[in-house]
Amino acid sequence: MLSLSGLSVALGLALALVPGAVEGLKEGDCEVCVTFLRKFYESLKDANANFNSANIEKELLKSCSDTKGKENRFCYYIGATSDAATKMINEVSKPLSHHVPVDKICEKLKKKDSQICELRYDKQLDLTTVDLKKLKVKDLKKILEEWGESCKGCAEKSDFIRKITELMPKYAPAAAKARTDL
């Protein structure tokens with residue numbers, strides 16, 4: 001009886017000393033990694049892609065070439081952009097070829113480079129209710145950037161607001177209809 005409890009204590013201590021043995025991703029950890037890889041995996045399944053490592057790597061490079069913002073930064077960290085200094089693409093493509101869950105892939109990537117899991121998506125503004133006049137110029141620029149637009153010649157906050165309200169029907173038609181203060 002004593003040896004059994006001593007064995008379980010020793011096993012418990014051994015597990016506690018091994019880094020990452022019992023820890024997993026917490027809710028909200030690796031938000032960009034998990035979301036991007038989940039969308040990527042689903043797109044491969046929808047396209048009935050060949051799940052070999054080389055094909056996944058090629059598709060990942062193609063997918064990363066169209067990314068912006070935080071997803072582009074994630075692609076940079078794993079080496080899937082042309083300007084990346086490191087190449088960890090095989091850390092994604094090989095496990096995906098074996099259908100390893102995305103959470104587990106991100107957990108492994110976190111051990112290699114903790115920056116990957118520090119990426120978070122910016123909070124999205126609700127353009128139907130937000131008062132553009134109360135936003136900072138930085139936030140107004142970010143709205144235009146997300147739309148792939150710029151405001152050449154804008155010097156004042158009011159110039160950015162005018163440009164956003166001008167483009168809103170094109171990029172956020174529901175918000176443009178809902179806004180009555182325009």
Using modelled atom types only, decide if a donor and an acceptor are shared between the side chain of [X] and the backbone of [Y] within a distance under 3.5 Å.
| X | Y | answer |
| --- | --- | --- |
| Ser63 | Glu59 | no |
| Lys87 | Gly79 | yes |
| Thr165 | Arg162 | yes |
| Lys157 | Leu135 | yes |

Indicate yes or no: at least one non-hydrogen side-chain atom of [X] is less than 4.5 angstrom from one of [Y].
| X | Y | answer |
| --- | --- | --- |
| Leu127 | Ile143 | yes |
| Lys110 | Ile116 | no |
| Phe40 | Cys64 | no |
| Leu109 | Glu91 | yes |

Item to check | Criterion side-chain contact (heavy atoms from CB on, under 4.5 Å) on Leu132 and Phe160, from CA distance to verdict | outcome: CA-CA 9 Å; Leu132 295 174; Phe160 287 99; over 6 Å; no
So, taking the atom named [atom1] in [X] and the one named [atom2] in [Y], what distance separates them when rounded to the nearest 0.5 Å?
| X | Y | atom1 | atom2 | result |
| --- | --- | --- | --- | --- |
| Lys111 | Cys106 | NZ | SG | 12.5 Å |
| Glu166 | Met168 | CD | CE | 11.5 Å |
| Ile78 | Lys112 | CD1 | NZ | 13.5 Å |
| Leu60 | Ser93 | CG | OG | 7.5 Å |
| Met88 | Tyr77 | CE | OH | 10.5 Å |
| Ser158 | Lys163 | OG | NZ | 14.0 Å |

Next on the checklist: side-chain contact (heavy atoms from CB on, under 4.5 Å), that's the test. Do Thr81 and Thr67 meet it? Break it down for me.
Outcome noted: CA-CA 10 Å; Thr81 60; Thr67 60; 5.6 Å; no
Thinking salt bridges, do [X] and [Y] make one under a 4.0 Å N-O criterion?
| X | Y | result |
| --- | --- | --- |
| Glu42 | Lys45 | yes |
| Glu145 | Lys142 | no |
| Lys70 | Glu31 | no |

Closest heavy-atom contact between [X] and [Y]?
| X | Y | result |
| --- | --- | --- |
| Ile105 | Val100 | CD1-O, 3.7 Å |
| Ala49 | Asn55 | CB-ND2, 3.9 Å |
| Thr128 | Ala175 | CG2-CA, 3.3 Å |

Output a table of donor-acceptor pairs, distance under 3.5 Å, between side-chain atoms of residues 147-156 and any protein atom two or more places apart or on a different chain; print 'none' if there are none.
unit_1, atom_1, unit_2, atom_2, d
Glu149, OE2, Tyr171, OH, 2.4

Checklist entry - Could Arg73 and Tyr76 be counted as a cation-pi pair, given that NZ or CZ must be under 6.0 Å from the ring centre and within 45° of the axis? => result yes
Next on the checklist: Between Glu57 and Val92, does the side-chain contact (heavy atoms from CB on, under 4.5 Å) criterion hold? Intermediate values first, please.
Outcome noted: CA-CA 8 Å; Glu57 196 168 310; Val92 174; over 6 Å; no
